[in-house]
Amino acid sequence: MLRTHTCGELRAEHVGATVTLAGWVHRRRDHGGLVFVDVRDRNGLTQVVFDPDAAPAAFEAARDVGHEWVVAVDGSVRPRPAGQANPNLPTGAVEVVASALRVLNPARTPPFEINREQAVEDGTRLRYRYLDIRRQRMQRNLVLRHAVTAFIRAHLNARDFLDVETPILMKATPEGARDFLVPSRVHPGRFYALPQSPQQLKQILMVAGIDRYYQIARCFRDEDLRADRELEFTQLDLEMAFAEAGDIMALNEDLFVALVAAVAPQLRIRQVPFPHLTYADAMERYGTDKPDIRFGLEMVDIGPDVAGSAFRVFADTVARGGRVKAIAAPAQFTRREIDAFEAFVKGLGAAGLAWLAFDADGAVRGSVARALAAPEIAAIRDRTGAGDGATVFIVAGDAPVVALALGRLRGELGRHLDLIDPGELAFLWLVDPPLFEWNAGEARWDSVHHPFTSAVPEDVPLLDTDPGRIRAQAYDVVCNGYELGGGSIRIHERDVQARVFALLGLSDAQVQAQFGHLLTAFEFGAPPHGGIAWGIDRTVAILAGEANIREVIAFPKSLSAVDLLTGAPSPVPARDLAVLGISVVASSPPDATDA
RNA sequence: GGGGGCGUGGUGUAGCGGUUAACAUACUGGCCUGUCAAGCCAGAGACCGCGGGUUCGAAUCCCGUCGCUCCCGCCA
């Protein structure tokens with residue numbers, strides 16, 4: 001090695017040792033007659049002193065090095081002079097007196113400062129990701145990510161799980177997200193697909209007797225990106241034979257609790273065991289299937305209070321089957337703030353935002369204070385529990401719009417009123433989601449989760465009568481308003497699976513073509529089984545306190561699905577396409593390289 | 001496919017109808033032997049993403065476009 005120690009390990013016990021450090025020039029402080037250079041590697045910083053009396057050549061060399069040059073320093077460890085120790089550095093008790101400095105590689109002036117925690121535009125960070133990763137934030141996040149995956153593996157290995165790899169080149173599936181397709185050269189006109197998840201193969205592994213499987217698996221979905229969605233992402237994928245829903249949840253809950261204690265002990269889990277919330281409850285109270293329950297501000301249905309109102313907007317909504325729901329916030333707001341909230345919910349499809357403010361002196365103000373009758377206002381106040389000084393926000397409309405608009409307004413209010421404790425992790429299990437949802441466009445039922453999800457046993461008879469009311473044996477793990485992942489107990493009986501496919505509108509021929517391999521496997525002794533998959537990226541982001549998963553991915557795409565470091569996606573030579581039997585019928589213009 | 005935000009020296013910001021386009025930091029040169037975001041002095045560096053329009057006059061207002069970003073649709 002070109003070094004004897006890392007830049008993070010020298011302590012008082014090393015005093016007197018002759019050492020060689022290698023790393024990047026983090027900072028240089030040139031006093032004219034004395035130069036300090038902080039040498040950095042990912043383990044830390046060590047102060048090196050260059051003294052012209054002790055080593056004139058090294059001193060002169062040190063005057064010329066710039067930020068981020070790669071250097072090696074020979075020297076000896078000595079204690080800092082009295083009063084000169086730096087308590088902010090783990091190595092701050094000592095310093096290295098240089099005898100020689102070698103420049104291993106000079107560096108251009110970086111496009112942004114590596115040694116400061118200053119915000120830099122995302123595009124610039126991604127273009128120079130190797131410099132961004134040198135900075136403290138990305139170092140910390142990648143170290144945390146490693147700790148998370150290492151912990152998960154150790155935890156599951158110790159519980160007799162087998163890590164099995166599954167292919168990246170898979171069979172295309174019509175269900176779910178858009179597939180990334182990979183053309184086959186050997187079979188022109190045919191395509192592999194990158195897996196959206198290893199779902200089918202892990203079930204086949206159950207049939208294969210691998211009764212406890214896991215994999216930290218890359219998954220691919222060709223859909224538009226978001227702060228919490230990348231084209232490719234990483235999941236802990238896990239499946240167990242002979243397990244019931246409670247077993248899967250208990251195992252994962254133990255894993256989450258141990259994981260947090262091990263890698264993010266500064267965070268507190270709000271409630272253990274994790275609370276269970278039904279899908280119906282979550283939608284009713286929070287307007288989402290991934291609620292942030294670190295704060296209250298729950299939604300309340302005030303439909304019964306306004307059904308007979310002279311205020312037609314509310315009464316008509318109730319009459320035609322819509323919902324009128326409210327949130328009571330324990331605060332007063334300015335008109336400007338309320339206008340902003342209204343613009344926010346309108347942007348989500350709400351027709352408007354009604355409000356009532358209950359002043360301490362008993363007066364009632366607000367957009368519907370005059371439109372509603374006094375008893376109606378009193379009923380709303382009673383039902384929402386609004387106290388003196390509270391403001392009630394009301395959205396009326398179709399159930400999905402009310403849920404989205406008021407649910408998201410709830411989040412805005414929680415942040416606005418500073419009700420969210422960033423040091424808290426509010427895990428919960430979201431249970432009993434519907435198995436199917438009606439697809440009006442295609443006039444058929446769709447799987448909410450995926451077509452292998454089993455029904456709650458007592459709901460199975462509803463397959464023939466009322467599929468929309470069937471609850472799935474499925475569970476999502478939610479934390480702080482993010483869906484980390486979900487799973488289910490799978491169908492392992494062939495006839496039930498056939499009935500589900502029939503309900504989904506799949507013909508026998510389609511089933512055979514798409515899922516024949518799985519159904520055939522199930523005829524050879526499929527054990528009852530179930531599993532879960534949850535997002536490593538989202539989990540690490542939450543544990544790191546990051547709002548965007550790109551902060552915990554070494555080389556992410558930009559929001560417009562471009563790799564700014566390498567330039568992917570890029571055109572390929574026509575001859576490469578010809579070999580694959582592919583011709584391009586439409587293409588993006590050449591890179592409009594921005595000035 | 002749709003809507004919102006942002007784009008000003010390398011970086012981060014200010015300026016929002018008339019400014020020699022400001023500040024911090026980085027960068028260059030000089031001074032300085034105990035600093036640790038070292039300090040002090042001097043200097044260079046921006047036609048304000050790009051294109052068009054309005055105006056006597058545009059970084060500033062309008063339209064288009066590109067890039068980054070947040071959201072809806074889409075996606076668990």
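Side-chain atoms are counted along with the backbone in the values below, which use heavy atoms only and exclude waters and symmetry mates.
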Looking only at side-chain N and O atoms, does [X] come under 4.0 Å of OP1 or OP2 in [N]?
X: A/S558; N: B/rC68; answer: yes
X: A/S560; N: B/rC68; answer: yes
X: A/Q196; N: B/rA76; answer: yes
X: A/R229; N: B/rC71; answer: no
X: A/R408; N: B/rC72; answer: yes

Between [N] and [M], how far apart are the two [atom1] atoms, rounded to whole Å?
N: B/rG9; M: B/rC41; atom1: P; result: 26 Å
N: B/rA22; M: B/rA59; atom1: P; result: 14 Å
N: B/rG67; M: B/rC27; atom1: C1'; result: 26 Å
N: B/rG12; M: B/rG30; atom1: C1'; result: 27 Å
N: B/rA44; M: B/rG29; atom1: P; result: 15 Å
N: B/rU13; M: B/rG7; atom1: C1'; result: 13 Å
N: B/rG49; M: B/rU8; atom1: P; result: 6 Å
N: B/rU28; M: B/rU35; atom1: C1'; result: 22 Å

A/E68 and its side chain to side chain contact (heavy atoms under 4.5 Å, CB included) partner, picked from A/V25, A/I114, A/L131, A/T109: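 Of the listed residues A/V25, A/I114, A/L131, A/T109, the side chain to side chain contact (heavy atoms under 4.5 Å, CB included) partner of A/E68 is A/I114.
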Check: A/N43 and A/E9 side chains under 4.5 Å, non-hydrogen atoms: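 The answer is no; the side chains never approach within 4.5 Å.
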A/W24 ring center near A/W69 ring center (under 6.0 Å):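 No: the rings miss the under 6.0 Å criterion.
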So, A/Y475 versus A/F274, ring centres under 6.0 angstrom or not?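 No, they do not, as the ring centres are separated by 6.0 Å or more.
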Distance alone, cut at 3.5 Å: any donor-acceptor contact between the side chains of A/Q136 and A/R40?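 The answer is no; no qualifying pair exists.
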Any side-chain donor near an acceptor of the partner, A/Q215 and A/T166, under 3.5 Å: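 Judged by distance alone, the side chains do pair up.
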Over all strands shown, is [X] touching base, sugar-phosphate only, or nothing at heavy-atom distances under 4.0 angstrom?
X: A/G535; answer: nothing
X: A/L564; answer: sugar-phosphate
X: A/V35; answer: nothing
X: A/D53; answer: base
X: A/R63; answer: base

Is it true that the NZ or CZ of A/R410 lies under 6.0 Å from the centre of A/F295's six-membered ring and within 45 degrees of the ring axis?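 Yes, A/R410 and A/F295 form such a contact.
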Below 3.5 Å, does any donor atom in the side chain of [X] face an acceptor in the base of [N], or the other way round?
X: A/R125; N: B/rC68; answer: no
X: A/R221; N: B/rC75; answer: no
X: A/R226; N: B/rG73; answer: yes

[N] pairs with which nucleotide, Watson-Crick or G-U wobble, both distances below 3.5 Å?
N: B/rG51; answer: B/rC63
N: B/rC74; answer: none
N: B/rU13; answer: B/rA22
N: B/rC68; answer: B/rG5
N: B/rG39; answer: B/rC31

For nucleotides 12-14 of chain B, tabulate all protein N/O to nucleotide N/O atom pairs closer than 3.5 Å, reporting atom names and distance.
unit_1: B/rG12; atom_1: OP1; unit_2: A/E121; atom_2: N; d: 2.5

In whole angstroms, how far is the [atom2] atom of [N] from the [atom1] atom of [X]?
X: A/R127; N: B/rG7; atom1: CZ; atom2: P; result: 17 Å
X: A/N548; N: B/rG5; atom1: CG; atom2: P; result: 20 Å
X: A/E412; N: B/rC71; atom1: CD; atom2: P; result: 11 Å
X: A/L348; N: B/rC70; atom1: CG; atom2: P; result: 16 Å
X: A/I114; N: B/rC27; atom1: CD1; atom2: P; result: 12 Å
X: A/E113; N: B/rA24; atom1: CD; atom2: C1'; result: 10 Å
X: A/I549; N: B/rC70; atom1: CD1; atom2: P; result: 10 Å
X: A/R178; N: B/rA76; atom1: CZ; atom2: P; result: 11 Å

Contact pattern, 5' to 3', of nucleotides 34-48 of chain B - B, S or - by protein heavy atom under 4.0 Å: BBBBB----------
Salt bridge between [X] and [Y], side-chain N to carboxylate O under 4.0 Å?
X: A/D537; Y: A/R550; result: no
X: A/R29; Y: A/D38; result: yes
X: A/E284; Y: A/K325; result: yes

A/D292 vs A/Y286, test: side-chain hydrogen bond (donor to acceptor under 3.5 Å, both in side chains). Steps then yes/no. CA-CA 8 Å; A/D292 188 345; A/Y286 303 103; over 6 Å; no
Salt bridge (charged side-chain N to carboxylate O under 4.0 Å, His left out) partners of A/E546, counting only residues at least two apart: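 Partners of A/E546 by the salt bridge (charged side-chain N to carboxylate O under 4.0 Å, His left out) criterion, ordered by chain and then number, come out as A/R137.
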Quick check on RNA chain B: between A/H67 and A/F112, whose nearest nucleotide comes earlier from the 5' end?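 Final value for this comparison: A/F112.
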Between A/E223 and A/D228, which has a closest nucleotide on RNA chain B that is more 5'?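 It is A/D228 whose nearest nucleotide is closer to the 5' end.
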A/R80 versus A/L89, closest heavy-atom pair with distance: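 For A/R80 and A/L89, the tightest heavy-atom pair comes out as NH2-CD1, 4.2 Å.
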Taking the minimum atom-to-atom distance to the side chain of A/D224, which one of B/rG1, B/rU69, B/rU33 wins?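 Looking only at heavy atoms from C-beta outward on A/D224, the closest nucleotide is B/rG1.
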